[in-house]
Amino acid sequence: MPLTLSKRCLEIAPSMTLAIDARAKELKAQGVDVVGFGAGEPDFDTPEYIRDAAKHALDAGMTRYTPVSGTLHLREEICTKLQCDNNLTYTPAQVIVTTGAKQALFNALSAIVNPGDEVLLPSPCWVSYPEMIRMAGGVPVMVPGNEDQNFLAGRAEIEPYVTEKTKALILNSPNNPNGCVWPREMLEGIADLAVEKGFYVISDEIYEKLVYDDVKHVSIASLGEAIKEQTIVVNGVSKTYAMTGWRLGYAAGPLSVIKAMTSFQSHSTSNANSIAQYATAVALTQGEQVLQEMIHEFDVRRRLMYSRINRIEGLKSHLPKGAFYMMLNISGLIGKKWRGREIKDSMSFADILLTAKNVAMVPGIAFGAENYMRLSYATSQAQINKGMDRLEEFVSELE
Ligand code: PMP
Ligand code: GLU
């Protein structure tokens, strides 16, 4: 037998968001003054009360295996959170704790997708969804959003893509990469469609707390018993509590799906980190004040980045309502040159900008949005101003 790699792995592209972040961090480590708008990662430290909880867990000996689906204590706290924040009633048996929301998504897809099943993806969408669907043996089906509607796809846009093979839809509101938030009426239309046609909804709500301008996050699962029965709610603490490195996420849903996800996880990673589980239970129950301060700061940065971008000739962006991302329309710059190097697409824009001005952004193509760049404003106002000065200079040098 030749020593080849599996077809499944050969077909998978590495995560471009993580690759850009790694490149920016590498340059920084070499002493280069890089401005990183790449990573979807809060620049804040994990709040002190959460760090203290982890220290306590360590000293109290919470260092052993826990049940695969997480400690009962944490699953109870997650149920309380889902009830209070999202008006969703679940029992701890309907909850699984995972190694980041990424694993919750991967387990959910592995639990429901058979080879050839189709999974609908309103696009642009987060870079990992199509690859995760492929890894689970499914077929990603992009449902293009309309820029004039802030890229939101509702029932009318989604329905034409539903076939007999449609097994699920991944909904991500607030959205990565464009920051849009689905309003309740649109979610009602999508819920009706899912119930009528009979497909699962995987609702990735990891950015739920990061909403601005009085916008309210609504969980599609809360819109009725029928849709709740076919929705898997995915969430985690990476973004809300600045805990990306702790790797803690969770999912809640129908008992049969959660059980299958738990069996799957029991043979791959077992329980999520025991110390992080304890710290997460504490994170969820306290810290409203710290959270409000972080959200306020993100809001200030959002407005700053938006106003700076729209002052630059040839560039434009929408003011996003949630998450900490903004998409930058670069179609006005395609075909222009910087010192002889032509901007052909979002990839070449990212590349030329990084070498020319040491500013890192993720090319829109990673999210299925050519001629766009994704910028994360999860970085300080000083960095945003510095990066925007460089971007302005870069654009002025184009011929
Ligand atoms: N969903 C979305 C939309 C994301 O942007 C991310 C970013 N990491 C995740 C899920 C996964 O988060 P984590 O695994 O860190 O919990
Ligand atoms: N989700 C973040 C992003 O889109 C972090 C990196 C990743 O996991 O993809 O940048």
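We count ligands from 1, going down the list as the structure has it; atoms in each ligand are counted the same way. Heads up: numbering here begins at 1 and tracks the sequence.
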Aromatic contact between Phe44 and Phe298, with the criterion being ring centroids under 6.0 Å apart: yes or no? yes

Distance from atom 7 (C) of ligand 2 to nearest protein heavy atom, with residue and atom: Thr17 OG1, 3.5 Å

Please tell me whether Tyr372 and Phe367 form a close aromatic pair, meaning their ring centres lie under 6.0 Å apart. no

Residue Asn172 vicinity, atoms of ligand 1 by number, heavy atom under 4.0 Å: 3 (C)

Residue, atom name and distance, where the atom is the protein heavy atom closest to atom 8 (N) of ligand 1: Lys239 NZ, 3.1 Å

Proximal ligand 1 atoms for Ile206, defined as those under 4.0 Å from one of its heavy atoms: 1 (N), 2 (C), 12 (O), 16 (O)

Does at least one non-hydrogen atom of Thr244 fall below 4.0 angstrom from an atom of ligand 1? no

Proximity flag Gly236 to ligand 1, non-hydrogen atoms under 4.0 Å: no

Proximity flag Gln103 to ligand 1, non-hydrogen atoms under 4.0 Å: no

Does the N or O separation between Ala39 and ligand 2 drop below 3.5 Å for any pair? no

For atom 10 (O) of ligand 2, the closest protein heavy atom turns out to be Arg374 NH2, 2.8 Å

Those atoms of ligand 1 less than 4.0 Å from some heavy atom in Asp204: 1 (N), 2 (C), 3 (C), 10 (C)

For atom 9 (C) of ligand 1, find the nearest protein heavy atom and state the residue, atom name and distance (0.1 Å precision). Trp126 CH2, 3.4 Å

Please work out which of the three classes, parallel, tilted or perpendicular, describes the rings of His318 and Phe151, given edges at 30° and 60°. perpendicular

What is the ring orientation for Phe394 with Phe349, classed by angle as parallel under 30°, tilted 30 to 60°, or perpendicular over 60°? perpendicular

Is the number of heavy atoms from other residues, nucleotides or ligands within 6.0 Å of NZ (Lys259) greater than 12? no

Kindly confirm or rule out an N or O of Ser128 lying under 3.5 angstrom from an N or O of ligand 2. no

I'd like to know whether ligand 1 has Glu41 as a neighbour, heavy-atom separation below 4.0 Å. no

Do any N/O atoms on Thr99 end up under 3.5 angstrom from N/O atoms on ligand 1? no

Report, in ascending order of atom number, the atoms of ligand 2 lying under 4.0 Å from any heavy atom of Lys102. 7 (C), 8 (O), 9 (O)

Taking only non-hydrogen atoms of Arg247 and a 4.0 Å limit, the atoms of ligand 1 in range are 13 (P), 14 (O), 15 (O)

Please determine, by modelled atom types, if Ser348 and Asp351 share a side-chain donor-acceptor pair under 3.5 angstrom. no

Does a side-chain N-to-carboxylate-O contact under 4.0 Å join Asp299 and Arg302? yes

No-hydrogen, no-angle side-chain donor-acceptor test under 3.5 Å, Glu157 and Asn146: no

Per-atom filter on ligand 1: closer than 4.0 angstrom to a heavy atom of Tyr129 are 3 (C)

I'd like to know whether ligand 1 has Phe106 as a neighbour, heavy-atom separation below 4.0 Å. no

Atom 2 (C) of ligand 2 sits nearest the protein heavy atom Lys239 NZ, 3.4 Å

Just need the protein heavy atom nearest to atom 6 (C) of ligand 2, so name the residue and atom and give the distance. Leu18 CD2, 3.4 Å

Considering Ala101, Ser173, Pro177, Gly40, which one's heavy-atom position lies nearest to atom 16 (O) of ligand 1? Ala101

